[in-house]
Amino acid sequence: QVQLVESGGGLVQAGGSLRLSCAASGRSFSSYIMGWFRQAPGKEREFVGAVSWSGDITYSADSVKGRFTMSRDNAKNTVYLQMNSLKPEDTAVYYCAASTVRRVLSLYRAPDFGTWGQGTQVTVSS
């Protein structure tokens, strides 16, 4: 099983960019589908997207499509979330998660992910 630690959150102005990292420790990182979620105060956890084992296939939710990009470096046991053109509504705690479930990337939901990071706060000011 892997353990996950996110980093890279912070305060940024609208239109700015941030890159979140999620470092995994443990074995077989490349065998996990990696996902990103976010949760704003008073709202349900939202699936942001996921990246395949090799990193060649990604899925992004409509709310972030064209602005956020997911990638992974299996040699570094790290997955990334590059966030561009940030909006105030992107403000949330962002979580990375690992899944051993096999399904089409767009169909993943939170219960499919058995391991979660602690989250990192992203705040976008207007």
Side-chain angles (χ1 to χ4, degrees):
Q1 191 168 354
V2 295
Q3 293 79 44
L4 305 174
V5 178
E6 301 98 336
S7 61
L11 174 64
V12 64
Q13 288 188 332
S17 298
L18 280 175
R19 188 175 82 156
L20 305 184
S21 299
C22 173
S25 60
R27 294 186 173 182
S28 304
F29 172 72
S30 61
S31 67
Y32 290 88
I33 296 293
M34 297 301 297
W36 286 96
F37 289 79
R38 66 185 181 184
Q39 189 164 20
K43 294 189 176 181
E44 293 186 355
R45 190 165 295 192
E46 178 188 8
F47 179 44
V48 175
V51 57
S52 65
W53 304 284
S54 62
D56 61 340
I57 302 173
T58 62
Y59 167 79
S60 297
D62 288 344
S63 58
V64 305
K65 196 166 292 183
R67 300 187 298 121
F68 291 12
T69 303
M70 274 147 278
S71 62
R72 67 191 294 166
D73 185 338
N74 287 337
K76 296 182 178 180
N77 282 10
T78 303
V79 62
Y80 304 98
L81 180 64
Q82 178 66 46
M83 306 185 293
N84 299 327
S85 302
L86 283 161
K87 305 175 182 180
E89 51 263 44
D90 295 319
T91 295
V93 177
Y94 284 72
Y95 300 88
C96 67
S99 176
T100 58
V101 174
R102 301 295 183 257
R103 61 171 92 255
V104 174
L105 290 185
S106 62
L107 299 179
Y108 277 93
R109 296 298 179 264
D112 295 324
F113 293 84
T115 303
W116 294 79
Q118 83 287 354
T120 186
Q121 176 71 46
V122 171
T123 303
V124 184
S125 63
S126 57

Please walk me through it: do Thr91 and Gln121 pass side-chain contact (heavy atoms from CB on, under 4.5 Å)?
CA-CA 8 Å; Thr91 295; Gln121 176 71 46; 4.0 Å; yes
More than 12 heavy atoms of other residues, nucleotides or ligands under 6.0 Å from NZ of Lys65: is that the case?
-> yes
* To do: Return yes when atom CZ of Arg102 has more than 12 non-hydrogen atoms of other residues, nucleotides or ligands closer than 6.0 Å, and no otherwise.
  => yes
Honestly curious: do [X] and [Y] fall in one hydrophobic cluster under the side-chain, below-4.5 Å linking rule?
{"X": "Val48", "Y": "Met83", "answer": "yes"}
{"X": "Val101", "Y": "Phe47", "answer": "yes"}
{"X": "Val12", "Y": "Leu81", "answer": "yes"}
{"X": "Leu18", "Y": "Met34", "answer": "yes"}
{"X": "Val93", "Y": "Val5", "answer": "no"}

Measure the spacing between [atom1] of [X] and [atom2] of [Y] and express it to the nearest 0.5 Å.
{"X": "Asp112", "Y": "Leu107", "atom1": "CG", "atom2": "CG", "value": "9.0 Å"}
{"X": "Leu20", "Y": "Thr78", "atom1": "CG", "atom2": "OG1", "value": "12.5 Å"}
{"X": "Gln118", "Y": "Glu6", "atom1": "CD", "atom2": "CD", "value": "4.5 Å"}
{"X": "Tyr32", "Y": "Gln1", "atom1": "OH", "atom2": "CD", "value": "6.0 Å"}
{"X": "Glu46", "Y": "Glu44", "atom1": "CD", "atom2": "CD", "value": "10.5 Å"}
{"X": "Arg72", "Y": "Asp56", "atom1": "CZ", "atom2": "CG", "value": "10.0 Å"}

State, yes or no, whether a side-chain contact exists between [X] and [Y] at a heavy-atom distance under 4.5 Å.
{"X": "Tyr80", "Y": "Val51", "answer": "no"}
{"X": "Arg38", "Y": "Ser63", "answer": "yes"}
{"X": "Leu105", "Y": "Ile33", "answer": "yes"}

Shortest non-hydrogen contact from [X] toward [Y]:
{"X": "Met70", "Y": "Ala50", "result": "SD-N, 3.4 Å"}
{"X": "Ala40", "Y": "Ala92", "result": "N-CB, 3.8 Å"}
{"X": "Gly9", "Y": "Val122", "result": "CA-CG2, 4.2 Å"}
{"X": "Ser17", "Y": "Gln82", "result": "CB-NE2, 4.0 Å"}
{"X": "Ala24", "Y": "Leu4", "result": "CB-CD2, 3.7 Å"}

Check: [Y] main-chain N/O paired with [X] side-chain donor or acceptor under 3.5 Å:
{"X": "Trp116", "Y": "Ala97", "result": "no"}
{"X": "Asn74", "Y": "Ser54", "result": "no"}
{"X": "Thr115", "Y": "Gln3", "result": "no"}

### Query
Does the pair Asp90/Lys87 count as a salt bridge with the N-to-O cut at 4.0 Å?
no
- Message: Is it the case that the ring center of Trp36 lies less than 6.0 angstrom away from the ring center of Phe68?
- Response: no
Going through the distances and angles, do Tyr95 and Phe113 end up as a ring-ring contact (aromatic ring centres under 6.0 Å, His included)?
-> CA-CA 11 Å; Tyr95 300 88; Phe113 293 84; over 10 Å; no
